[in-house]
Amino acid sequence: MPELPEVETVRRGLNRLIVGRTIASVVHDNDKSFPNAQVDVQHFLLGATVVDVRRRAKVLIIDLSTNYSLVIHLKMTGQLVFRSSQDSFGAGHPNDSLIGDLPDTSTRVTFTFTDDSHLYFNDQRKFGWARLMPTQEVPNIDFMQKVGPEPLEADFTVEQFIERFSRRKKTSIKAALLDQSIIAGVGNIYADESLWGAKLHPQRRVGDVSKNEFKKLYTELRAVMNLAIDKGGSTDRNYVDAQGKKGSYMDFARVFRREGEPCPRCGASISKIRVAGRGTHVCTSCQVVQ
DNA sequence: CACTTGACCTGTCCGC
DNA sequence: TGCGGACAGGTCAAGT
């Protein structure tokens, strides 16, 4: 569920909260949440100071002073939550975090910094992963090699956007939007939201999308993602930011999770169908299959 | 190569 | 109340 806006929200939070902190200890469950644990994780992490937190597509990159980087994919239910040594979650200490005491049953990795603050990598469904590697090798991993361009970069043009779809003609526009090798960072929420904005039915074949419709989709996708970043992302189920707080984009969603509600544009009832193996929200009245 | 489907997991919800 | 099954959806491997 964390898509580009959610991962970007986490990145901004971590940038504020952990840059400059030095790792004192790491405890991990030694399964695929940290698949290269057999390399000496402790040796490369202990004493390392966080120097930057970057993002590429839905992947977070935590750069360390040792010229190593932690590369983390949250997949569906991953969370990265920071707690200072003062944070208290016991009775009589109200807070606005969605989650309580940490570590909890879904904690896969616990980083403790030298000031006794903590960063917890939680992942209920264990689809996420963390890897430690030299910073200079990060661009060489398979994921980075095949992932498409960042849709919110200032120099990403509508012409590039259209060109990226040129090798896909028969598949649905929704399947193409979800394909990370075409455009980076789009997931189920913002695919449905941007297709509604562009009045495109998710099952429209890519080859049947006109140039003007592509232009509209480009504009809508960027607008929707920028708004979502503004709102701290979407909390559908599990997502929380680096302080454990929910995002509020779902309050602004037009179709996602709104099956049965009236379309904000034409008033017809919003449907939920299945496209590209995903639950898909659509107004069949004003989003045209053609 | 283009494209689709199933696997990976576990918590939640729904019907019986 | 308990229990089975469907469902949630990011990515990769394996299938057509």
Side-chain angles (χ1 to χ4, degrees), chain A residues 1-11 29-35 55-61 71-80 98-100 103-109 121-131 141-148 150-151 163-195 202-209 225 228 233-240 246-247 249-250 253 255-260 271-282:
Chain A
M1 306 234 225
E3 305 180 27
L4 189 156
E6 288 73 34
V7 179
E8 176 62 18
T9 301
V10 172
R11 185 198 72 78
D29 59 359
N30 205 26
D31 68 1
K32 72 182 192 123
S33 299
F34 222 132
R55 178 190 62 75
R56 175 74 171 99
K58 302 173 188 172
V59 169
L60 282 163
I61 305 155
V71 182
I72 299 175
H73 200 308
L74 301 174
K75 290 287 182 84
M76 245 100 80
T77 56
Q79 304 168 326
L80 281 170
L98 234 202
I99 44 189
D104 62 21
T105 53
S106 66
T107 301
R108 312 254 77 86
V109 187
F121 176 28
N122 274 17
D123 187 17
Q124 186 178 91
R125 288 169 71 178
K126 301 183 183 178
F127 288 174
W129 47 260
R131 287 174 201 155
I141 65 175
D142 286 351
F143 182 91
M144 297 298 179
Q145 285 291 308
K146 31 174 264 203
V147 74
E150 291 289 326
E163 199 280 328
R164 298 296 299 175
F165 288 90
S166 59
R167 65 197 163 95
R168 293 286 211 286
K169 290 298 175 201
K170 291 186 66 178
T171 195
S172 67
I173 185 66
K174 174 153 180 177
L177 267 178
L178 293 175
D179 185 335
Q180 300 299 293
S181 72
I182 297 180
I183 305 291
V186 185
N188 209 35
I189 300 172
Y190 304 108
D192 284 5
E193 289 290 292
S194 59
L195 286 168
Q203 286 171 321
R204 177 84 69 89
R205 285 163 36 117
V206 174
D208 294 337
V209 177
M225 284 191 157
S234 299
T235 297
D236 180 26
R237 291 188 158 73
N238 289 268
Y239 167 74
V240 291
K246 295 166 67 167
Y249 177 82
M250 292 297 282
V255 287
F256 193 79
R257 289 277 183 274
R258 295 197 184 279
E259 56 268 34
S271 309
K272 186 174 182 185
I273 59 176
R274 201 147 188 94
V275 180
R278 296 285 175 271
T280 297
H281 309 79
V282 59

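Labels below follow one simple rule: chain letters A, B, ... track the order of the sequence lines, proteins then strands, and each chain is numbered from 1.
- In this structure, A:Lys272 atom NZ and B:dC13 atom C1' are separated by 12 Å, rounded to whole Å.
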Watson-Crick and G-U pairing of DNA chain B written in dot-bracket, each distance under 3.5 angstrom, with | for inter-strand partners: .|||||||.|||||||
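- Side chains of A:Ser234 and A:Arg257: no donor on one and acceptor on the other come within 3.5 Å.
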side-chain contact (heavy atoms from CB on, under 4.5 Å) evaluation trace for A:Met250 with A:Asp236: CA-CA 7 Å; A:Met250 292 297 282; A:Asp236 180 26; 4.1 Å; yes
A:Val240 and A:Thr235: CA distance, side-chain angles, deciding distance, side-chain contact (heavy atoms from CB on, under 4.5 Å) verdict: CA-CA 7 Å; A:Val240 291; A:Thr235 297; 5.5 Å; no
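- The gap from the P atom of C:dT11 to that of B:dT12 amounts to 24 Å, rounded to the nearest Å.
- Both A:Lys169 and A:Gln124 sit near DNA chain B, but only A:Lys169 has its closest nucleotide nearer the 5' end.
- None of A:Arg55, A:Arg164, A:Lys58 except one satisfies the salt bridge (Lys or Arg N to Asp or Glu O under 4.0 Å) rule with A:Glu150; the exception is A:Arg55.
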CA sep, side-chain torsions, deciding dist, call: A:Phe127, A:Thr77, side-chain contact (heavy atoms from CB on, under 4.5 Å): CA-CA 8 Å; A:Phe127 288 174; A:Thr77 56; 5.9 Å; no
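- Here the straight-line distance linking atom CZ of A:Arg125 with atom CG of A:Asp123 works out to 9.5 Å at 0.5 Å rounding.
- Residue contacts shown for A:Tyr190 are absent, as no nucleic acid heavy atom lies under 4.0 Å away.
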Residue pair A:Lys169, A:Arg205: steps toward the side-chain contact (heavy atoms from CB on, under 4.5 Å) verdict: CA-CA 7 Å; A:Lys169 290 298 175 201; A:Arg205 285 163 36 117; 5.7 Å; no
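- Rounded to an integer number of Å, the gap from CZ of A:Arg257 to P of B:dT12 is 15 Å.
- Remark: A:Lys126 is in phosphate contact with B:dT10, judged by side-chain N or O atoms under 4.0 Å from OP1 or OP2.
- If you check every strand for non-hydrogen atoms under 4.0 Å, A:Arg205 touches nothing.
- When the side-chain nitrogen and oxygen atoms of A:Thr77 are compared with OP1 and OP2 of B:dC9, none of them lie within a distance under 4.0 Å.
- In this entry the distance linking CD1 of A:Ile182 with C1' of B:dA2 reads 11 Å, nearest Å.
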Nucleic acid footprint by protein, nucleotides 10-16 of chain C - heavy-atom cut-off 4.0 Å, B for base, S for sugar-phosphate alone: BBS----
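- In this structure, A:Phe165 places its CZ atom 16 Å from C1' of B:dA2, rounding to the nearest Å.
- Under 4.0 angstrom from either OP1 or OP2 of B:dC13 there lies no side-chain N or O belonging to A:Arg237.
- In terms of position along DNA chain B, the nucleotide closest to A:Ala175 lies nearer the 5' end than the nucleotide closest to the other residue of the pair A:Ala175 and A:Thr105.
- The distance between atom CZ of A:Arg167 and atom C1' of B:dC1, rounded to the nearest whole Å, is 10 Å.
- Side-chain contact between A:Ile61 and A:Arg11: absent, with no pair of heavy atoms (C-beta onward) separated by less than 4.5 Å.
- Ring planes of A:Phe143 and A:His73: perpendicular class, angle over 60° (limits at 30 and 60°).
- Side-chain N/O atoms of A:Lys174 include none lying less than 4.0 angstrom from OP1 or OP2 on B:dT4.
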